[in-house]
There are 2 protein chains.
Amino acid sequence: MTIGELARRTGCGIETIRYYEHEGLLPKPGRTSGNFRRYGQEHAELLSFIRHCRSLDMALSEIRILLRFRSAPDENCGEINALLDIHIGHVEERIAELKSLEGQLRALRDKCRSGRSAEHCGILQGLGGAPDDRGASGDNHVPRTHSTKR
Amino acid sequence: MTIGELARRTGCGIETIRYYEHEGLLPKPGRTSGNFRRYGQEHAELLSFIRHCRSLDMALSEIRILLRFRSAPDENCGEINALLDIHIGHVEERIAELKSLEGQLRALRDKCRSGRSAEHCGILQGLGGAPDDRGASGDNHVPRTHSTKR
DNA sequence: AGACACCCTGTAGTGACTAAAGAGTCAAGC
DNA sequence: GCTTGACTCTTTAGTCACTACAGGGTGTCT
């Protein structure tokens with residue numbers, strides 16, 4: 001199947017597929033005489049695996065590790081458990097951060113209920129002070145709030 | 001004060017201060033005869049404002065809008081409210097996504113409690129299928145799970 | 001005069017894509 | 001065989017908010 005068919009079948013963008021190949025997550029497929037990529041069922045399954053992991057917000061580096069285990073089925077899966085536990089920890093941590101953030105934002109929002117001029121806007125005044133320490137640990141790969149993804 | 005002093009006073013990295021200047025968030029300061037940046041109290045307050053906004057996970061583009069209101073105090077602050085409401089919506093949305101994610105990850109984790117070989121690991125098998133639609137809207141600038149920030 | 005901390009500009013890297021330019025290929029219809 | 005149009009190719013650059021250099025200049029103290 002062509003890259004376009006693979007993309008349709010997996011719901012993954014064509015550019016993303018080429019990106020995964022470049023990053024070594026997908027093996028280089030065969031080519032037609034005209035240099036088009038030719039994929040088989042095994043590529044579709046592998047790509048679905050990767051997209052599933054990504055839908056669970058795993059980093060590509062984590063997925064790389066899982067793929068290693070997937071292709072070396074004799075190894076003990078304790079490391080897989082550990083990886084997942086760490087990832088769950090990251091997600092929990094980010095949820096806690098975002099909840100704290102939401103509380104702060106709501107408190108700020110309550111400072112300006114009316115249509116006053118910006119000069120007296122409680123929100124701007126509330127933002128003037130020193131920020132609270134957000135207490136992020138620094139090694140959490142789970143993004144906080146912004147990002148434009150499909 | 002020098003850029004280093006400003007950095008220490010605001011808890012912001014020196015490179016970040018120069019980056020904000022480049023991005024137009026901080027006005028260009030005066031310079032010494034040797035071309036060193038010279039900052040005053042007003043710069044420190046402005047930078048604290050920006051860092052406070054960033055600690056609330058606002059995007060620089062949002063902060064730029066707030067700064068516009070900050071320097072044009074006659075304008076009505078209804079837009080500020082709207083901006084904050086949208087941002088709170090983004091954060092709420094991301095929290096909901098992450099909670100759903102956490103549930104999925106825990107379900108996956110429960111598939112492998114023992115130290116079996118990877119060949120029979122329930123986690124790898126659970127990851128093989130098609131991913132759930134994560135239902136992200138696409139215009140939420142709040143990151144999901146990974147990211148290495150200080 | 002030397003040492004050393006600090007500062008300067010400019011460039012490149014991060015993660016996981018996304019977009020676009022400019023060219024080539026494939027399949028169907030005529 | 002030719003044309004059309006959809007598809008694909010590679011390469012490069014952009015996204016966001018920084019962070020990390022490299023290679024040089026400045027300020028201050030002894």
Side-chain angles (χ1 to χ4, degrees), chain A residues 1-26 28-39 47 50-51 53-64 87 90 94 134 136 138-150, chain B residues 1-26 28-39 47 50-51 53-64 90 134 136 138-150:
Chain A
M1 91 190 89
T2 66
I3 196 171
E5 287 173 306
L6 180 63
R8 272 189 297 279
R9 208 181 280 198
T10 57
C12 181
I14 287 176
E15 311 293 334
T16 306
I17 294 172
R18 287 197 278 246
Y19 172 71
Y20 288 163
E21 179 184 329
H22 182 253
E23 293 300 302
L25 289 164
L26 276 177
K28 301 200 177 202
R31 300 281 183 139
T32 66
S33 58
N35 202 31
F36 282 21
R37 288 169 179 83
R38 265 308 148 201
Y39 294 100
L47 184 53
I50 295 170
R51 292 309 288 175
C53 291
R54 283 292 299 138
S55 81
L56 297 174
D57 249 352
M58 294 182 196
L60 293 194
S61 58
E62 293 174 317
I63 297 173
R64 243 181 286 266
H87 184 63
H90 285 164
R94 193 64 83 208
R134 72 162 101 169
D139 61 347
N140 188 341
H141 61 163
V142 181
R144 231 171 306 266
T145 303
H146 299 144
S147 78
T148 304
K149 293 180 186 171
R150 18 165 266 103
Chain B
M1 93 190 88
T2 67
I3 195 170
E5 287 173 306
L6 180 63
R8 273 190 296 279
R9 207 181 282 198
T10 57
C12 180
I14 287 176
E15 312 291 335
T16 304
I17 294 172
R18 288 198 277 247
Y19 172 72
Y20 287 163
E21 179 184 330
H22 182 254
E23 294 299 302
L25 289 164
L26 276 177
K28 301 199 177 205
R31 300 279 184 141
T32 66
S33 58
N35 203 31
F36 283 21
R37 288 171 179 83
R38 266 306 149 203
Y39 294 99
L47 183 53
I50 295 169
R51 293 308 289 175
C53 290
R54 283 293 298 138
S55 80
L56 297 174
D57 249 353
M58 293 182 197
L60 294 193
S61 58
E62 292 174 317
I63 298 173
R64 242 182 287 266
H90 284 165
R134 74 161 98 170
D139 61 347
N140 189 342
H141 61 162
V142 181
R144 233 172 305 268
T145 304
H146 300 143
S147 76
T148 305
K149 293 181 182 170
R150 26 164 262 101

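These values consider heavy atoms only, across backbone and side chains, with no hydrogens, waters or symmetry-generated copies.
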OP1 or OP2 of [N] versus the side-chain N and O atoms of [X]: is any pair under 4.0 Å?
| X | N | result |
| --- | --- | --- |
| B/Thr16 | D/dT19 | yes |
| B/Tyr20 | D/dC18 | yes |
| A/Arg51 | C/dC17 | yes |
| B/Arg37 | C/dC8 | yes |

With DNA chain C as reference, determine whether A/Arg38 or B/Arg8 sits nearer its 5' end, using the nearest nucleotide of each. B/Arg8
When B/Arg37 is tested against each of B/Met1, B/Glu21, B/Lys28 for side-chain contact (heavy atoms from CB on, under 4.5 Å), which residue passes?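 Single side-chain contact (heavy atoms from CB on, under 4.5 Å) partner of B/Arg37 among B/Met1, B/Glu21, B/Lys28: B/Glu21.
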Are B/Arg38 and B/Thr2 packed together at the side-chain level, in the sense that at least one heavy-atom pair is separated by less than 4.5 angstrom?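 Yes; the side chains approach each other to less than 4.5 Å.
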B/Glu5: what forms a salt bridge (Lys or Arg N to Asp or Glu O under 4.0 Å) with it, not counting sequence neighbours? none
Non-neighbouring partners of B/Arg18 that pass salt bridge (Lys or Arg N to Asp or Glu O under 4.0 Å), sequence neighbours left out: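 Checked B/Arg18 against salt bridge (Lys or Arg N to Asp or Glu O under 4.0 Å); matches are B/Glu15.
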Can you measure [X] atom [atom1] to [N] atom [atom2] for me and round it to whole angstrom units?
| X | N | atom1 | atom2 | value |
| --- | --- | --- | --- | --- |
| B/Ile3 | C/dC6 | CD1 | C1' | 11 Å |
| A/Glu21 | D/dT8 | CD | C1' | 13 Å |
| B/Lys28 | C/dT9 | NZ | P | 9 Å |
| B/His22 | D/dC16 | NE2 | P | 14 Å |
| B/Ile63 | D/dC18 | CD1 | C1' | 13 Å |
| A/Glu23 | C/dT18 | CD | C1' | 14 Å |

Would you mind reading off the bend of the helix from C/dA1-D/dT30 to C/dC30-D/dG1 from its two end axes, five pairs each, to 10 degrees? 30°
Who pairs with B/Tyr39 by ring pair (Phe, Tyr, Trp, His ring centres under 6.0 Å), at least two apart in sequence or on another chain? B/His43
So, A/His87 side chain and A/Glu62 main chain: donor-acceptor pair closer than 3.5 Å or not? no
Looking at A/Gly24, is its backbone amide N or carbonyl O close enough to the side chain of A/Arg64 to form a donor-acceptor pair, meaning the two atoms are under 3.5 Å apart?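 No; zero donor-acceptor contacts below 3.5 Å.
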Residues in side-chain contact (heavy atoms from CB on, under 4.5 Å) with A/Tyr20, at least two apart? A/Cys12, A/Thr16, A/Leu25, A/Leu26, A/Leu47, A/Ile50, A/Arg51, A/Arg54, A/Leu60
Please list each protein N or O that sits under 3.5 Å from an N or O in nucleotides 19-25 of chain C, with the distance.
none

